[in-house]
Amino acid sequence: MALRATPVPDNAPNKITVKELDFFYGDFHALTDITVDIKEKAVTAFIGPSGCGKSTFLRCFNRMNDLIPGARAEGLVSLDGQDIFETGVDPVDLRRRIGMIFQQPNPFPMSIYDNVAFGPRLQGVSKKAELDEIVQHSLERANLWKEVKDILGRGGLTLSGGQQQRLCIARVLAVEPEVMLMDEPCSAIDPTSVQKIEDLMAELKDRITIIIVTHNMQQAARVSDFTAFFLQEVAGDPAILVEYDRTSNLFTSPKDRRTEDYITGRFG
Amino acid sequence: MANRLVRLNTTERGVRRRMRIRAAMFATVVALVAVSSGCDRNGPAENEVIVTGSTTMLPIAEIAGEMFHDRYPDKKVLVSGLGSSAGIETVASGSSDIGTSSRDLKPAEEKLGLYDTPIAFDAIAVIVHPDNPIDSLTTEEVRAIFAGEIENWSQLGGRDKKVGLVNRDEASGTREAFDSIVMGDTPFDRTAAVLPGTGQVRSVVANAPGAIGYISLGFVNDEVKAVTIDGVTPTPEAVVTGEYPIQRLLHFYTVGPPTGLAKKYIDFVLSPAVQDTIIQDAGFTPIIGGDR
Amino acid sequence: MSKRITNAIALGMLWIAALITVAVLGTVIGYVVINGIGELSPRFIFTWPEGVAAEGGVWPTIVSTLYVTALAMVIITPIAILAAVYLAEYAVQGRLVGTIRFAADSLASVPSIVMGLFGLALFVEAAGIGFSMLSAALALSFLMLPIVMRTTEEAIRAVPKYIRWGSYGLGATKWQTVSRIVLPAAMPRIITGIILSTGRAVGETAVVIYTMGQAINLPVSPLDSGRPMTVHLYLLAMEGINLPAAYGTALLLMILILGFNLGARFFLRRNRKV
Amino acid sequence: MSETPGTQAGSGTLQLVSRRTYFKELALKNLFLLCAGVAVAGVVLIFAFVGVRGWPIFAEVGPWAFLAGREWNPTAGLYGILPLIYGSVVVMLGALAIGTPLAVGTAIFLSEIATPRVRSIVRPAVELLAGIPSVIYGFFGLIILRPIIADATGGLGFGAVTAWLILAIMIVPTIAAISEDALRSIPPGIREASYAMGATTWQTIYKVLVPAAKIGIIDAIILGMGRAIGETMAVLMVVGNAPVFPESISDPIATLTTQIVMDMPYAAGDHRTALFGMGIILFLVSMGLVALVRLMSRFQTAMESGR
């Protein structure tokens with residue numbers, strides 16, 4: 001909390017707008033009727049019991065679900081007012097602008113340097129000096145530079161779990177995304193590293209819109225400005241968005257009884 | 001083209017008899033021979049001798065050709081194995097200098113006016129296990145055994161032991177010779193084991209007490225016993241005198257008496273440098289004196 | 001009989017089965033080594049066979065074997081790897097994929113003599129390539145294709161999904177992900193598969209006997225014929241006149257193949273980081 | 001938002017998929033599909049080229065005379081391959097009878113009994129067994145095994161029994177590897193449940209694991225069967241190559257594969273066509289066995305999902 005800068009003003013522009021989104025895996029209806037506005041340069045947290053579709057929802061934003069055969073979305077998701085499902089929109093370009101961090105730290109089996117340089121290289125940056133600068137800058141922003149500056153040639157997989165996750169963050173930062181999606185980024189790493197990553201999020205949010213999925217309510221309360229609570233009420237039915245509000249409001253005075261039950265630990 | 005032909009043929013050295021160019025290669029080789037002879041024969045062809053014919057004789061003609069080339073580096077011997085009939089045909093038609101044949105001329109071929117230079121005897125010994133009490137057989141008995149009519153050695157006064165027939169594969173020159181000299185019109189017993197190599201026939205007979213097989217005389221050693229045929233012990237001498245019945249001559253045919261390089265090559269083949277080495281290594285019996 | 005005795009006897013039998021398997025391997029290898037070791041010499045390896053009984057060395061057969069194997073590898077590796085990429089990364093389960101898999105399985109089980117006849121009919125005769133390294137390599141490629149395809153596909157599937165996601169998440173296209181992330185990560189296992197299939201090609205006899213010819217020759221161009229070590233061994237063994245050379249050839253062949261096998265294992269162990 | 005430091009120039013409207021990228025990716029995908037299609041092309045080509053060369057024999061001699069003819073004597077114009085089919089089947093069955101217990105036993109040993117240390121010796125041994133070229137097995141059979149069989153039977157040592165022993169060893173790696181996979185894919189919980197009920201190791205293997213891995217083991221045996229029927233060089237060197245119905249298992253015999261190799265060097269005309277015809281039959285049999293394995297796995301999936 002201490003690290004948080006000034007609160008996000010109410011009139012902050014919407015970065016991502018979602019209207020009446022339904023999502024299906026083949027015959028399985030996973031999400032229904034989701035409507036939400038994600039504020040720019042804020043941290044938004046998605047919470048809810050496991051299996052409630054919050055990760056699925058997150059993956060709609062950069063169309064990672066396209067990679068799953070049979071998955072389809074109905075409704076509107078727009079980035080800066082533009083429909084991302086519109087015919088012809090390049091998911092590859094979308095993903096350059098919306099970076100993603102996964103639950104499992106997933107450095108590529110190559111050197112630390114090559115990991116970070118991967119994105120810029122995809123976009124055609126090939127000058128050594130330019131790459132060096134991007135790599136250093138990105139690692140610095142991910143608070144990893146001091147730890148790895150002498151071992152840039154070493155394999156990314158030789159780092160500790162927490163370092164690996166920060167390497168992945170640096171890798172995403174290297175392509176200068178506008179939005180960073182984080183899918184339970186701290187669930188597979190040790191507590192000290194969790195602290196580092198949470199600090200990092202606070203530093204990053206003055207330039208980047210962050211959406212984090214977490215099963216950890218304390219984490220959501222610590223790092224986010226806004227929180228959305230998802231719930232699948234009956235097994236087999238699609239999940240819904242129960243409540244969405246400023247984090248401070250949602251945790252102190254939830255409007256929905258189901259939210260209250262969840263945050264007070266009555267289920268989930 | 002000529003260069004390729006040399007490699008194709010003269011490098012076919014190695015194990016005897018298996019050196020035949022495959023039937024499938026037949027067409028290719030015929031074509032190559034035709035082409036190479038076509039172009040080479042028009043020019044001053046005095047540096048090459050083209051030898052075609054018997055597959056049985058392919059290895060000796062070839063290796064002798066290499067030795068000839070070693071001795072006269074500017075001369076080449078191009079050898080291909082197409083079968084005896086093809087050898088006779090090609091030499092008669094002028095597309096080769098020497099036709100090799102493991103059989104005598106047929107009546108129709110005698111009109112072609114070919115000159116015969118025998119270069120070796122191909123004599124075949126009938127071999128049994130050394131412990132087999134049978135020492136001698138007649139040609140008729142050998143035929144009956146290989147036809148499957150005699151199935152037990154006791155029928156010939158030997159032990160009560162089943163006859164284990166060992167035949168050669170149908171692509172074998174030895175089988176062809178044995179078939180024409182001994183079997184005639186009588187078919188082989190088809191239950192016989194068929195082996196594609198001389199050494200295997202010998203080693204199988206060497207350790208199976210009831211076995212009987214046939215191999216070129218030159219390959220007989222003391223692991224096996226070569227029986228007398230019609231009372232004649234198979235020895236080089238008996239072959240040369242013509243007493244030993246299971247034998248044939250290997251011929252070089254030329255159009256008229258050999259001349260020029262062909263004569264040089266034939267003389268080389270008849271010289272001790274070839275007769276005492278390759279001819280014997282290949283299991284054949286040398287021509288002593290070179291005439292008969 | 002009591003439960004425990006039955007158990008002991010049954011387990012004993014299983015031990016015996018395993019022991020027989022290992023013992024047979026030991027016997028075959030031991031037999032070839034003991035009989036062949038005396039033959040091995042630089043002269044045997046580096047000179048030509050001479051005379052009617054193939055005295056001397058086996059050099060041209062070694063060259064022919066390595067030549068045809070390398071050629072087959074060059075032909076088939078790119079095709080097999082890309083085919084595996086298709087199956088592992090692009091294909092959607094369906095009739096097409098089913099057909100491809102069935103075809104690959106069928107190719108893997110085609111008797112090698114049939115592959116030999118096929119090579120003879122198509123490459124040697126119909127295509128007019130003749131008995132040559134190329135004909136033999138093409139026929140061998142079909143034999144190696146399913147092996148390399150399968151090991152590559154398994155290797156690709158073994159690359160964790162997370163790593164792929166990381167790449168897509170950075171805005172990589174499918175091909176960028178496959179070529180820059182997935183294939184490099186799978187490479188050690190792919191190479192192992194290639195080495196193993198190469199070992200198979202080295203030991204193959206019936207395919208090459210009808211496609212390479214049998215003439216002893218030192219191949220230079222892919223259109224040259226030759227005689228591989230396996231065919232040389234077969235001819236020496238069946239001829240039975242020069243068995244020492246057969247033992248020597250068998251030992252060399254075995255060394256080559258064990259070399260490929262152990263090499264593949266060693267390579268995989270050293271590079272198994274992912 | 002363009003004044004925001006750090007956001008890159010590409011922000012603003014989302015790019016559409018560029019035509020270049022689209023076609024490049026599409027072209028690559030089709031290239032890969034083409035490569036995968038080589039496998040299909042291979043099967044079709046084999047069928048076409050061996051088929052075209054071999055098909056006329058069915059017309060020339062008649063399918064019945066070819067397949068059921070009791071005499072293979074090309075010089076006499078007799079192209080009956082029944083004795084060769086008989087030889088192939090006899091050799092295959094005997095090899096399976098000897099090889100299967102050995103292979104399945106080894107597989108069970110590897111998956112259920114061996115300690116990691118023992119496993120690390122036995123498993124590579126089984127794999128190496130698969131790597132040894134068939135011509136070396138044949139050589140071994142010819143030089144070592146044949147004389148032993150000759151002494152034991154009083155015959156020449158060529159025949160089905162020698163081929164059985166050699167082939168049995170050669171199919172062990174095939175059967176063992178696939179059976180072991182089948183056994184290992186059984187969830188560990190099943191074993192624990194059986195042991196917890198007081199079953200001995202053998203009872204667990206015999207009553208629980210082998211039935212559970214049954215389909216996989218049968219697959220393995222079918223593929224071993226294919227290997228045995230298709231094996232050429234090793235069998236060729238030890239069967240004696242007499243294309244007849246043998247009187248005993250130690251009399252010379254010939255199989256489809258060995259007869260092709262024996263006859264190819266000199267075969268011409270109908271004879272050669274007949275050899276290609278035998279090739280088609282071998283090809284169809286091997287494909288049929290693969291199809292059978294696929295059918296079985298489909299059957300198994302159906303059964304499991306039905307449960």
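First the proteins, then the strands, lettered A, B, ... as listed; each starts at 1. These values consider heavy atoms only, across backbone and side chains, with no hydrogens, waters or symmetry-generated copies. The structure presented is a predicted model; accordingly, all values stated were derived computationally and were not measured.
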Inter-residue atom distance [X].[atom1] - [Y].[atom2], 0.5 Å rounding:
X: C:S109; Y: D:I222; atom1: OG; atom2: CD1; answer: 11.5 Å
X: D:L256; Y: C:I113; atom1: CG; atom2: CD1; answer: 11.0 Å
X: C:L14; Y: D:I113; atom1: CG; atom2: CD1; answer: 4.0 Å
X: C:Y210; Y: D:I260; atom1: OH; atom2: CD1; answer: 7.5 Å
X: D:I205; Y: C:L11; atom1: CD1; atom2: CG; answer: 5.5 Å
X: D:M233; Y: C:E204; atom1: CE; atom2: CD; answer: 9.0 Å

| said: Parallel, tilted or perpendicular, judged at 30° and 60°: which one describes the rings of D:F32 and C:W175? | reply: tilted
| request: Report the relative orientation of the aromatic rings in C:Y247 and D:F139; use parallel for angles under 30°, tilted for 30 to 60°, perpendicular for over 60°. | output: tilted
Interface moiety of [X] toward chain C, non-hydrogen atoms closer than 4.5 Å:
X: D:A291; answer: both
X: D:L28; answer: side chain
X: D:P124; answer: both
X: D:L45; answer: both

| message | C:F102 vs D:M287, test: side-chain contact (heavy atoms from CB on, under 4.5 Å). Steps then yes/no. | response | CA-CA 9 Å; C:F102 180 63; D:M287 261 181 82; 3.6 Å; yes
| field | C:N261 side chain to D:L128 backbone, donor-acceptor under 3.5 Å | value | no
Using heavy-atom distances under 4.5 Å, tell me whether [X] contacts chain D through its side chain, its backbone, both, or neither.
X: C:L19; answer: neither
X: C:R265; answer: side chain
X: C:L122; answer: both
X: C:Y31; answer: side chain
X: C:S141; answer: neither
X: C:A84; answer: neither
X: C:M115; answer: side chain
X: C:V85; answer: side chain
X: C:I257; answer: side chain
X: C:V32; answer: side chain
X: C:I16; answer: neither

For the residue pair [X] and [Y], what are the closest heavy atoms and their distance?
X: C:G98; Y: D:R294; value: O-NH2, 3.4 Å
X: D:V126; Y: C:T21; value: CG2-CG2, 3.8 Å
X: C:G203; Y: D:P133; value: O-CB, 3.3 Å
X: C:A237; Y: D:M237; value: CB-CE, 3.6 Å
X: C:S106; Y: D:V43; value: CB-CG2, 4.1 Å
X: D:G230; Y: C:P111; value: CA-CB, 3.5 Å

Using a cut-off of under 4.5 Å on heavy-atom pairs, state which of [options] scores highest against chain C.
options: D:I144, D:V285, D:I108; answer: D:I144
options: D:T201, D:V122, D:V172, D:I169; answer: D:T201
options: D:I143, D:V293, D:V44; answer: D:I143

Quick one: which of [options] has the most heavy-atom pairs under 4.5 Å with chain D, could you say?
options: C:L117, C:V231, C:L262, C:I79; answer: C:L117
options: C:T173, C:L87, C:L196; answer: C:T173
options: C:A108, C:G26, C:A246, C:G119; answer: C:A246
options: C:T230, C:V202, C:T249; answer: C:T230
options: C:V22, C:D105, C:V178, C:L107; answer: C:L107
options: C:F118, C:F142, C:Y90; answer: C:F118

| Intermediate values then yes/no, side-chain contact (heavy atoms from CB on, under 4.5 Å), C:M254 and D:I132 | CA-CA 7 Å; C:M254 193 97 101; D:I132 294 179; 4.2 Å; yes
| field | Sub-4.5 Å side-chain heavy-atom contact between D:L33 and C:L96 | value | yes
| Are D:M264 and C:L120 close enough that some pair of their side-chain heavy atoms sits under 4.5 Å apart? | yes
Should we say atom [atom1] of [X] is surrounded by more than 12 heavy atoms from elsewhere, each under 6.0 Å from it?
X: D:Y22; atom1: OH; answer: no
X: D:M296; atom1: CE; answer: yes
X: C:R150; atom1: CZ; answer: no

| Stepwise side-chain contact (heavy atoms from CB on, under 4.5 Å) check, C:T27 with D:F140 | CA-CA 10 Å; C:T27 311; D:F140 181 82; 3.9 Å; yes
| request: Using the side-chain contact (heavy atoms from CB on, under 4.5 Å) rule, take C:K174 and D:K29 through it: C-alpha gap first, then chi angles, then the decisive distance, then the call. | output: CA-CA 10 Å; C:K174 191 153 206 166; D:K29 180 180 171 172; over 6 Å; no
